[in-house]
Amino acid sequence: MIQRIQSVYLLLVTVLLVLAACLPVGEFIGLDGVTAYVFKPLGMTMADGVLHSTWGLFGILLLSAIIAFCTIFLFRNRMLQVRMTIFSSLLLIGYYIAFVVFMLMLKNDLEVMSLRLGWALCLPAVCIILNYLAFRTIYRDEVMVKAADRLR
């Protein structure tokens with residue numbers, strides 16, 4: 001059962017979330033228009049060496065990646081697999097909420113002009129779509145198994 005299409009979806013989710021945890025999600029542009037502070041899920045280091053920690057974003061991405069990877073091996077319990085994919089998607093929605101909160105807090109603390117978003121910010125959204133596709137195929141398998149049990 002590991003070779004099923006939902007396993008491929010969940011493996012892609014794992015890889016994309018690890019990639020999203022390592023890449024910067026944006027950068028703050030200073031009031032002078034030149035100074036840029038790179039905003040990563042683990043934190044943001046200032047020019048003077050001060051670290052503004054955003055470890056919550058990193059934790060959410062890492063937890064969701066671990067859940068997606070472990071869900072691959074739950075193929076014997078499809079309903080638990082369904083619940084885990086839904087939980088992973090809810091975590092990723094929470095990631096975006098936490099990102100907005102951290103962005104607003106850091107923007108007020110740093111007195112910056114604007115935030116330029118990076119392409120890595122769209123990776124959790126792609127993972128939500130892949131989780132949905134995995135959910136559909138897992139649930140379809142469960143319906144087929146129940147239909148086959150009724151025929152026996």
Next item on the list: Any chance you could lay out the side-chain contact (heavy atoms from CB on, under 4.5 Å) test for M44 and V38, step after step, and finish with the verdict?
Entry: CA-CA 6 Å; M44 186 172 62; V38 179; 5.8 Å; no
Next item on the list: Evaluate side-chain contact (heavy atoms from CB on, under 4.5 Å) for L92 paired with L61, printing each intermediate quantity in order.
Entry: CA-CA 7 Å; L92 292 174; L61 289 175; 4.2 Å; yes
Next item on the list: With side-chain contact (heavy atoms from CB on, under 4.5 Å) as the test, would you mind laying out the steps for N77 and Q81 before giving the verdict?
Entry: CA-CA 6 Å; N77 191 348; Q81 228 179 2; over 6 Å; no
Check: Step by step, would you call D141 with Q6 a side-chain contact (heavy atoms from CB on, under 4.5 Å)?
Finding: CA-CA 10 Å; D141 284 351; Q6 59 261 29; 3.1 Å; yes
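Under the ring pair (Phe, Tyr, Trp, His ring centres under 6.0 Å) criterion, the residue pairs touching residues 8-35 are F28-F39, with sequence neighbours excluded. The list of salt bridge (Lys or Arg N to Asp or Glu O under 4.0 Å) pairs with a residue in residues 79-88, not counting sequence neighbours, is empty.
Around atom OH of Y96, more than 12 heavy atoms belonging to other residues, nucleotides or ligands sit under 6.0 Å away.
Atom OH of residue Y95 and atom OG of residue S64 lie 11.0 Å apart, to the nearest 0.5 angstrom. The CD1 atom of I72 lies 13.0 Å from the CD1 atom of I67; values are rounded to the nearest 0.5 Å. Distance CD1/I66 to CG/L62: 4.0 Å, rounded to 0.5 Å. Interatomic distance, CG of L10 versus CD1 of I138, reported as 5.5 Å (0.5 Å rounding).
In the hydrophobic clustering of this structure, F102 groups with L104; members are Ile, Leu, Val, Met, Phe, Trp, Tyr whose side-chain heavy atoms approach within less than 4.5 Å, directly or through other members. In this structure, I93 is not a member of the same hydrophobic cluster as F58, with clusters built from ILVMFWY side-chain heavy atoms closer than 4.5 Å. Cluster membership check: L63 shares its hydrophobic cluster with L80, using side-chain heavy-atom separations under 4.5 Å among Ile, Leu, Val, Met, Phe, Trp and Tyr.
Not a single side chain to side chain donor-acceptor pair (under 3.5 Å) links S53 to another residue, sequence neighbours left out. In this structure, F87 has no ring pair (Phe, Tyr, Trp, His ring centres under 6.0 Å) partners at least two apart in sequence or on a different chain.
With contacts defined as side-chain heavy-atom distances shorter than 4.5 Å, the pair R4/T137 does not qualify.
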Acceptor/donor pairs from residues 114-136 side chains to any protein atom, 3.5 angstrom cut, sequence neighbours excluded:
residue	atom	partner	partner atom	Å
R116	NH1	E27	OE2	2.6
N131	ND2	S88	OG	3.3
N131	ND2	S89	OG	3.4

Please table the atom pairs, donor to acceptor, closer than 3.5 Å between any side-chain atom in residues 16-25 and protein atoms at least two apart or in another chain.
none

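The closest donor-acceptor contact from the side chain of T54 to the backbone of P41 lies under 3.5 Å.
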